[in-house]
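Since the structure comes first, as structure tokens, the remarks are kept for the end.
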Amino acid sequence: MPDTRDIRSYLEQLVEAGARAAVAAGDLPDVAIPGASLERPKDTANGDFASTLPLRLARAAMKPPIEVAGAIAKHIPADTTIEPPTVAPPGFINFRLSTAFVQAQVEHVIRVGPSFADIALGRGKKAQVEFVSANPTGPLHVGNGRGAAIGDALASALGAAGYTVEREYYVNDAGTQTDFFAETLYARYQQLLGRDVDIPKDGYPGEYMVELAQMVKDEAGDRFLMPEGEPMPPALGTLGIDLMVRNIRATLERFGVRYDHWYSEKSLYDPEGPYERALSILREKGMLVEREGALWFTSSELGEDKDNVVVRSDGRPTYYASDIAYHWDKFTRRGFDLVIDVWGADHHGHVSRLKTATGAVGGDPNALHVLLYQLVFLNRGGEAVKIAKRSGEFVKLDELIDDVGADAARFFFLLRSPGAQMDFDLDLAKKQSSDNPVFYVQYAHARLCSIIERAAEQGLTPEGGDVSKLTHPSELALIREMMRLTDVIEVVATSFEPQQLPHYAMSLANAFHAFNDAFKQANDSSLKVITEDVEMSRARLRLVQAARISLARVLDLMGMTAPEKM
RNA sequence: GCCCCCGUAGCUCAGCGGAUAGAGUGUCGGCCUCCGGAGCCGAAGGCGCAGGUUCGAUUCCUGCCGGGGGUACCA
């Protein structure tokens, strides 16, 4: 007997068996069967699953699709998991799961508990999701929050899909921007100590740099102050980066994101490290040439629109070189089977050449997925707010968390597909905080908990409940909605677009609310979970328990809390 | 110029080759002697334009028109 996890493939086998039997019986000409083509009808009136195989087969079989459907349906073996399949124009074969099968899924959910809806898609494979990875030259802004919500949920979904997943933050603690950051910090630091200096032209004008300088001064006094005209002490830059990374890490923890690795860009340049290894591979392949004093990767020979500099004329490696080394490390040294980089859309010009270079140093470009999320346009009551980091004016992720909370912010970010630009009205987000859809979902979870608690006060528990008593349409609809989580996880883990999660969560919460209020609609108190009928109550409590498990699972995948009370 | 993303309900967005295009919010109309109304039920309202592929296109392809982003020896 299949369960929620494998019902789809089970039905596919039934369809294919039916098609083969139809051919064997002479009801269909001997044509190639392209697979069951099973999908979920939008309208539940058409059943739980539908096969469009007849529509695809019609031409080759030289019969109208509806006749093909009839021929196949006739030969689909009788089975306890489904009702007899029906045929619908223009040529669908519709399947409705048997009530007994649907009811049995309540027990399935309770049995597997927190791992409900896990699938085997990525079993035995290692996946890495790298996300946020903002330069540690300033606090995280709202746009970084979108990347954090997307990357973390994606990692969770991949985990549910069977992958061994690592979350990684790539810390840009080397390179040009780091130098500008250090010089700005030193300028601010000198200003605090009474020196009349300007911050560098390409530096970071934000007010937070003054606060950072103040922190340094508080801790170290004037220890980093050099005589006028002398260069700044390198240790100050390192300290500044460390403080910033700590700040970023704290923000992400407030946001509910935990990384497995914080990968230092600087470490790429260790002796015999990824940088040396990756560049030597390119050199051996004859893909590095010197021109105009710089070292170029001849990427145009691999189909890129131009060559790209990997080592500047002053001898320092470019960001591109770092990324080549970094991705060599991901694939060759660490052996990930699937690598996902979550980037802001402003980096999109970099995608193609990164894939090309990754392939050139021995990685698998097809296993590298760069997920671009479009920028977040902030406004306050309709007036645009710039988030350009270097102008110094941006809204911090911390402020957003203060305003609307981590759960609401995450839910909101996930709701939009990464590829769509999103408007975020900060005033509205604050105002809406009580009727934000996030509360709708969490409220459903809290009520599920409170029903179980209320029942327990009356000595009622789900134990021993007989799920075959669950026959009301709202009960069966709720179970069917729970079962759909398996599909959702598969879609997210293969499309890498996590917006399905919040949409599903709302749908599941709605199915619960409808179930929970059914007695009001029908004006029939015997439809309540807790009624005089003890056996009925136990059965419904069993359903409530399973629904709670399902809803908690989606919330967890989205990185949100599942409150027992609100 | 070239490249990428997006034009779906008043607004913010799902839907990614199938049967009557969905949700939230907003508007209108119902439902509390209720296990928490932060709820439920119902109504009105939409695929930028033009071709093409297909049995079938909101979905894939081409062009056009809008909006945004990229096109550094920045990251």
Side-chain angles (χ1 to χ4, degrees), chain A residues 37 39 41-43 45-46 50 52 55-56 58-59 64-65 88-92 94 133-135 137 172 175-178 180 202 265 291-296 305-306 308-320 322-323 344-352 372-375 377 389-390 412 415-425 428 432 434-440 442-444 446-447 450-455 457-458 460 491 495 497 499-500 502-503 506-507 509-510 512-521 523 525 528-531 537 540-541 544 565-566:
Chain A
S37 300
E39 56 189 49
K42 271 183 251 178
D43 187 346
N46 292 320
T52 57
L55 292 163
R56 294 169 206 280
R59 173 173 283 197
F92 294 100
N94 291 335
S133 301
N135 276 356
T137 54
N172 297 102
T176 315
Q177 293 304 322
T178 306
F180 290 145
D202 294 314
E265 178 182 7
R291 232 159 33 212
E292 302 154 36
L295 193 62
W296 298 70
D305 56 352
K306 59 186 171 63
N308 289 283
V309 172
V310 287
V311 183
R312 300 183 182 87
S313 48
D314 65 4
R316 297 185 313 161
T318 61
Y319 169 69
Y320 187 36
S322 302
D323 258 6
D346 52 334
H347 290 70
H348 96 256
H350 190 59
V351 174
S352 176
L372 297 173
Y373 61 92
Q374 295 291 322
L375 300 184
F377 292 92
K389 204 171 191 173
R390 279 165 227 163
F412 196 80
L415 207 49
R416 275 67 183 152
S417 87
Q421 290 163 186
M422 68 181 273
D423 290 317
F424 199 128
D425 187 327
L428 200 63
Q432 281 188 334
S434 66
D435 55 13
N436 189 307
V438 67
F439 293 99
Y440 178 78
Q442 291 185 320
Y443 177 65
R447 286 188 74 173
S450 88
I451 289 170
I452 292 173
E453 194 181 331
R454 178 62 72 93
E457 286 166 8
Q458 301 181 21
L460 276 171
V491 168
S495 71
E497 296 195 347
Q499 70 272 17
Q500 295 256 355
H503 285 277
M506 282 193 285
S507 179
N510 178 253
F512 161 68
H513 283 307
F515 155 75
N516 198 41
D517 279 14
F519 76 93
K520 286 186 200 168
Q521 284 301 307
N523 198 14
S525 65
K528 287 186 185 179
V529 174
I530 302 170
T531 70
S537 299
R540 291 201 178 119
L541 282 170
V544 166
K565 290 195 183 332
M566 288 176 74

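Chain letters run A, B, ... following the sequence lines, proteins first, then strands; residues in each count from 1.
Among the heavy atoms of the strands lying under 4.0 Å from A/A345 are primed sugar atoms or P, OP1, OP2 only; no base atom is included. Among the atoms of the strands shown, base atoms are found under 4.0 Å from some heavy atom of A/A50. Note on A/L415: only backbone sugar-phosphate atoms sit closer than 4.0 angstrom, heavy atoms only; bases stay farther off. Across all strands shown, A/P41 has heavy atoms under 4.0 Å from base atoms, whether or not it also approaches the sugar-phosphate. Nucleic acid contact class of A/E292 (heavy atoms, under 4.0 Å, all strands): base. Nucleic acid contact class of A/A518 (heavy atoms, under 4.0 Å, all strands): none. Across all strands, A/N172 comes closer than 4.0 Å only to sugar-phosphate atoms, never to a base (heavy-atom distances). Within the 4.0 angstrom heavy-atom criterion, only backbone atoms of the sugar-phosphate kind lie near A/M422; the bases stay farther away. Contacts of A/S450 with the nucleic acid, taken as non-hydrogen atoms under 4.0 Å apart, include base atoms. Heavy atoms of A/H350 sit nowhere under 4.0 angstrom from any nucleic acid atom. Using a 4.0 Å heavy-atom criterion, one finds that A/S495 contacts no nucleic acid atom at all. When heavy atoms are screened at a 4.0 angstrom cut-off, A/A88 is found touching base atoms of the nucleic acid.
Not one side-chain nitrogen or oxygen of A/Q521 sits closer than 4.0 Å to the OP1 or OP2 atom of B/G42. Residue A/R56 places no side-chain N or O under 4.0 Å from the OP1 or OP2 atom of B/G18. Side-chain N/O atoms of A/Y320 include none lying less than 4.0 angstrom from OP1 or OP2 on B/C73. Of the side-chain N and O atoms in A/K42, one or more sit less than 4.0 angstrom from OP1 or OP2 of B/A19. Taking only side-chain nitrogens and oxygens, A/K520 comes nearer than 4.0 Å to OP1 or OP2 of B/G37. Distances shown here put every side-chain N or O of A/S313 at or beyond 4.0 Å from the OP1 or OP2 atom of B/C73. Within the structure, a side-chain polar atom (N or O) of A/N510 is placed less than 4.0 Å from OP1 or OP2 of B/C40. Residue A/R454 places at least one side-chain N or O under 4.0 Å from the OP1 or OP2 atom of B/G36.
Of the candidate nucleotides B/G70, B/G68, B/C40, B/G68 has the atom nearest to the side chain of A/Q374. Closest to the side chain of A/M506, out of B/C5, B/U20, B/G24, is B/G24. Of the candidate nucleotides B/A19, B/C16, B/G70, B/C16 has the atom lying nearest to any side-chain atom of A/E497. Side-chain proximity of A/R416 to the nucleotides B/C55, B/A38, B/A14 is greatest for B/A14. The nucleotide whose nearest atom lies closest to any side-chain atom of A/S417 is, among B/G24, B/C40, B/A14, B/A14. Relative to the side chain of A/D517, the nucleotides B/C40, B/C73, B/C35 differ in distance, and B/C40 lies closest. Picking from B/G36, B/A75, B/A19 the nucleotide with the shortest atom distance to the side chain of A/T176 gives B/A75. Side-chain proximity of A/Y443 to B/A14, B/U12, B/A38: nearest is B/A38.
Here, B/G7 and B/G15 have their C1' atoms 15 Å apart, quoted to the whole Å. Of the P atoms belonging to B/U59 and B/G17, the separation is 11 Å, rounded to the nearest Å. The C1' atoms of B/G51 and B/C65 are separated by 15 Å, rounded to the nearest whole Å. A gap of 46 Å separates the P atoms of B/A44 and B/C2, to the nearest Å. Taking atom P on both nucleotides, B/A57 is separated from B/A21 by 14 Å, rounded to a whole Å. Nucleotides B/A38 and B/C6 have their C1' atoms positioned 33 Å apart, rounded to a whole Å. Taking atom P in both B/G18 and B/C61, the straight-line distance is 15 Å, to the nearest Å. Comparing the C1' positions of B/G39 and B/C32 gives an interatomic distance of 10 Å, to the nearest angstrom.
For the pair A/K306 NZ and B/C3 P, the computed distance is 15 Å after rounding to whole Å. Distance A/N523 CG to B/C34 C1': 11 Å, rounded to the nearest Å.
Of the options A/N308, A/V311, A/V309, A/D323, a side-chain contact (heavy atoms from CB on, under 4.5 Å) to A/T318 is made by A/V309 and by none of the others.
Syn is the conformation of B/C32, whose glycosidic angle sits no further than 90° from 0.
Not a single donor-acceptor pair, N or O on each side, falls under 3.5 Å between the base of B/C73 and the side chain of A/T318. Contact of A/N308 with B/A72 (side chain to base): no donor-acceptor pair of N or O atoms is detected under 3.5 Å. A/N516 contributes a side-chain N or O that forms a donor-acceptor pair with the base of B/C35 under 3.5 Å. Side-chain atoms of A/H348 and base atoms of B/G69 include a donor and an acceptor less than 3.5 Å apart.
Residues passing the side chain to side chain donor-acceptor pair (under 3.5 Å) test with A/Q521, sequence neighbours excluded: none.
The nucleotide B/G45 finds no pairing partner, because no Watson-Crick or G-U wobble arrangement with both distances shorter than 3.5 Å includes it. For B/G39, the paired nucleotide is B/C31, the pair qualifying as Watson-Crick or G-U wobble because both relevant distances are below 3.5 Å. With both pairing distances under 3.5 Å, B/A23 is matched to B/U12 as a Watson-Crick or G-U wobble pair. Both distances falling under 3.5 Å, in either a Watson-Crick or a G-U wobble arrangement, occur for no nucleotide opposite B/U53. Nucleotide B/C2 forms a pair with B/G70, judged by Watson-Crick or G-U wobble geometry with both contacts under 3.5 Å.
Counting heavy atoms of neighbouring residues, nucleotides and ligands inside a 6.0 Å radius, atom CG of A/N523 does not exceed 12 of them. Shown here is A/R59, whose CZ atom has no more than 12 heavy atoms of other residues, nucleotides or ligands within 6.0 Å.
Looking at heavy atoms from C-beta onward, A/N135 lies out of side-chain contact with A/T178 at the 4.5 angstrom threshold. Contact annotation: the side chain of A/M422 approaches that of A/F412 to within less than 4.5 Å [non-hydrogen atoms, C-beta and beyond]. A/Y319 has its side chain out of reach of A/T176: every pair of non-hydrogen atoms, C-beta onward, lies at least 4.5 Å apart.
A donor-acceptor contact under 3.5 angstrom links the side chains of A/E265 and A/S322, judged on distance only.
Mapped onto RNA chain B by nearest heavy atom, A/Q499 and A/L55 fall at different nucleotides, with A/Q499 at the one closer to the 5' end.
The aromatic ring of A/Y440 is not stacked on the base of B/A38, since the criterion of ring centres less than 5.5 Å apart with planes inclined by under 30° is not met.
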